[in-house]
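Everything below concerns the one structure shown next.
Computed from a predicted model, the values in this text were never measured in an experiment. So you know, we letter chains A, B, ... as the sequences are listed, proteins then strands, and number each from 1.
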Amino acid sequence: MPKQDFVIERYDPVTERSYEQQFTAEYEPGQTVLDCLNSIKWTQDGTLSFRWSCRHAICGSCAMKVNGRSMLACKTQVTDIVDRGDPIRVAPMGNQKVVKDLVVDISNFLDAFERAETWLQELPDQDPPSREYRTDKEEFDRWSHTATCIHCGACYSDCTVVAADPKFLGPAALAKAYRFVFDSRDSKKHERLEFLSEKHGIWDCTRCFMCIEACPKDVLPMDAIMELRTEAMREGITNNHGSRHSNAFRGGVRKRGRLDEATLPILSAGVRLGAIPELIGYTPGALRLLKSRKLIMAAKRHGANREGRRQVRRIFDEVEAEKARSAVDAEAFAAERSSALMAH
Amino acid sequence: MKYAFWPGCVSRGAAPELYTATKAVAEHIGMELVELEAAACTGAGIISDGDPYLQDVLNARTLAMASKLGLPLIDICSTCIGVHSLAVEKLENEEYRARINERLAPEGLEYTGDTKPRHLLWALFEDLEGDRLRSLIKRPLAELKLGPFYGCYILRPERVLGFAEHPHRRRSLESAIELVGASVVTYDGMTKCCGFPILTTNKRNSLAMAGGHVGEAKDSGADALVTPCPLCHLNLDAQQYDAARVVRRKLDLPILHLPQLIGLAMGIEPDKLGLDGHVVNTKPLLRKAGVR
């Protein structure tokens, strides 16, 4: 049987010592990282701790970092990740406190679902139907992939925003919120979108695609967050930084065909009292930019050529009219979703 | 070698040194760049917050322009290449493409699916023979330890970026650093988000990301970072002193645009590469490299 070296990041809560330990495990083709961890635990070191249960990528217990990326140990075959005899590096999930070895405290991850109230809020004053509550196929197709989340936390572990802000709701809870926002049996769509548009919600996502790459179940969390943004704006929930930023950006491109860097921060902050400290906050940075000539270049207000601008304005007008007639944005998301699900 | 060239908004605005350096390098190696002057901003994933369809129309238009010229399309921005590549994927859906082509028809354009946008970083390695590329390096930067900073969209989602057909793209920036004779410094943050997309929506988080990555690279021994993304450059260079305040440490790490690095190693003079147009002073770095 082939042999493989593993370097495992360990932590002993009694001595509070973090250290790396190397093991060698035998494996047969088809065996997974989890199989090797179990073999190490059963035959070499019984104190090695990690979570696991189903071994079929359905319980979501065994997410951990393998060679720096979060994934399910039971879904990752050794032969797929061996690289020129290098050891496979195994570490606990990121963005959460380590309890012991590969076990992390997932309470912050789970709290996000509670904060976002990701359960069905039924319609008021309605007699229960004689059978189960039904939905139609078109609606089901829109969100069924998000309902396959197994709460493994791989997305949360790799989320670049959670790393900077532990209060960020995170990809999994936001994807679960999406599932209820687009479920017509739920009564709280607007309230949900209002809550999700607040700080630590949809507008704090950086669109880094980490969660989409990490998810072992193709939930496409970031795409769900993007669609929530569009839906929130469509519902008129626009008194927030993210919507103002998007609208200001769009306005600049409409006018000049290109990003208008000079006015964007001002328009994103908004015309309101609360914006004043924020705009003052830009001043030191702006002074440095001035020194490096960057602000002058930005203020020169480049743009597409005359014909380009004319065509861009035409397209903006036509798209606006088209949006009033049909659900083109939903079509855009459906196109992305189907190709993403097909490719994954 | 002739290309349709989309400079992106930022190289024509707040990062003019990227435009200057790109032109200088292209001229030096004989790449003819036909600039798409009528093309529009990609929307950068921000127009799509409220108007995903509109963003797709704008990008289909740019792709169709390159196709009309019969030239391969070159981007010089990670965000641009990512948004263009995602548009290509969505436009494989025939119904959706037909709808979008109705918006392009009045201008005499049609998106047919034959444009495969590429970043300059990829094209350098794919279109120039390895020997020719190496022979252009007249001033190896052997003294420098450089950290790559990719920018999300040139790495993710992998499925739209041609990584399966072109595996070299996974570590293209490391290859560029090796090409110029410098040593590669790796660090966790090199493939993560610079924070720029949320600079106006959540400045503290944004700068914590930028400051964290720059600090980590510095701790790993990097003399500078190199990036193929002008948006990352804005957060890592132009915002670096504000980011330093958020992470409460001194940073002072120069950030190079990809063509500046290549150009330097090809022997182009620093002032022709806009190296004096950064917020973080690049002179100590140039001295270390033995350029001045």
Side-chain angles (χ1 to χ4, degrees), chain A residues 160-161 164-165 203-204 206-210 212-213 226 229-230 233 241-243 245-247 249-250 253 257-259 261 264-265 268-269 281 284-285 288-289 292-295 297-298 302 304-305 307-308 311-312 314-316 318-319 323 328-329 331-333 335-336 338-340 343-344, chain B residues 9-10 12-16 37-41 43-58 61 86 89-93 96 99 103 106-107 152-153 155-159 188 192-193 195 197-198 200-206 208-209 212 238-239 241-242 277-279:
Chain A
T160 56
V161 183
D165 173 16
W203 293 105
D204 278 6
T206 59
R207 301 190 312 273
C208 73
F209 283 97
M210 282 283 191
I212 288 187
E213 300 290 73
M226 294 306 113
R229 286 182 178 178
T230 306
M233 287 177 77
H241 258 93
S243 305
H245 182 62
S246 177
N247 280 330
F249 193 109
R250 182 186 186 282
V253 176
R258 303 278 168 93
L259 165 64
E261 294 148 315
L264 190 58
S268 298
R288 267 190 304 274
L289 293 183
S292 74
R293 301 195 307 267
K294 281 180 179 288
L295 209 63
M297 286 307 291
H302 59 95
N305 66 15
E307 175 59 10
Q311 292 295 343
V312 166
R314 171 189 64 77
I315 286 173
F316 270 71
E318 287 184 15
V319 166
K323 273 179 79 151
V328 283
D329 288 335
E331 239 180 88
F333 281 113
E336 177 149 4
S338 66
S339 41
H344 274 263
Chain B
C9 300
V10 179
R12 306 302 282 134
E37 287 175 350
C41 172
I46 297 169
I47 286 184
S48 58
D49 282 338
D51 288 274
Y53 169 69
L54 172 64
Q55 181 171 299
D56 290 339
V57 177
L58 295 177
R61 177 170 171 265
L86 277 166
E89 184 190 50
K90 278 194 259 184
L91 288 160
E92 281 166 17
N93 179 314
Y96 192 57
R99 182 189 270 286
R103 302 279 75 77
E107 200 179 346
C152 298
Y153 310 115
L155 290 175
R156 295 179 294 273
E158 284 190 9
R159 61 169 205 272
D188 254 12
K192 291 184 179 162
C193 175
I198 55 167
T200 64
T201 42
N202 192 330
K203 196 172 182 187
R204 198 210 69 87
N205 284 2
S206 171
M209 290 179 199
Q239 299 290 336
Y241 291 97
D242 286 348
H278 292 198
V279 166

Between A:K323 and B:G50 the two heavy atoms that sit nearest each other are NZ-O, 3.2 Å
Mind checking what makes side chain to side chain contact (heavy atoms under 4.5 Å, CB included) contact with A:E307, not counting sequence neighbours? A:N305, A:R310, A:Q311
How many angstroms lie between NZ in B:K90 and CZ in A:F333, if you round to the nearest 0.5 Å? 7.0 Å
Choice from A:S243, A:G257, A:S338 maximising heavy atom contacts with chain B below 4.5 Å: A:G257
Between CE on residue B:M209 and OG1 on residue A:T160, distance to nearest 0.5 Å: 4.5 Å
Are the charged groups of A:R250 and B:D49 less than 4.0 angstrom apart, N to O? no
Rounding to 0.5 Å, atoms CD (A:E336) and CD (B:E89) come to a distance of 7.0 Å
For B:T201 and A:H245, what are the C-alpha separation, side-chain angles and deciding distance, and is it a side chain to side chain donor-acceptor pair (under 3.5 Å)? CA-CA 7 Å; B:T201 42; A:H245 182 62; over 6 Å; no
Which of B:R103, B:R61, B:E92 touches chain A most, by non-hydrogen pairs under 4.5 Å: B:R103
Which of B:C41, B:A208, B:P52, B:C193 touches chain A most, by non-hydrogen pairs under 4.5 Å: B:P52
Of the backbone (N, CA, C, O) and the side chain (C-beta and beyond), which part of B:I198 lies under 4.5 Å from a heavy atom of chain A, both, or neither? side chain
Identify which part of A:E213 has an atom lying under 4.5 Å from any heavy atom of chain B, answering side chain, backbone, both or neither. side chain
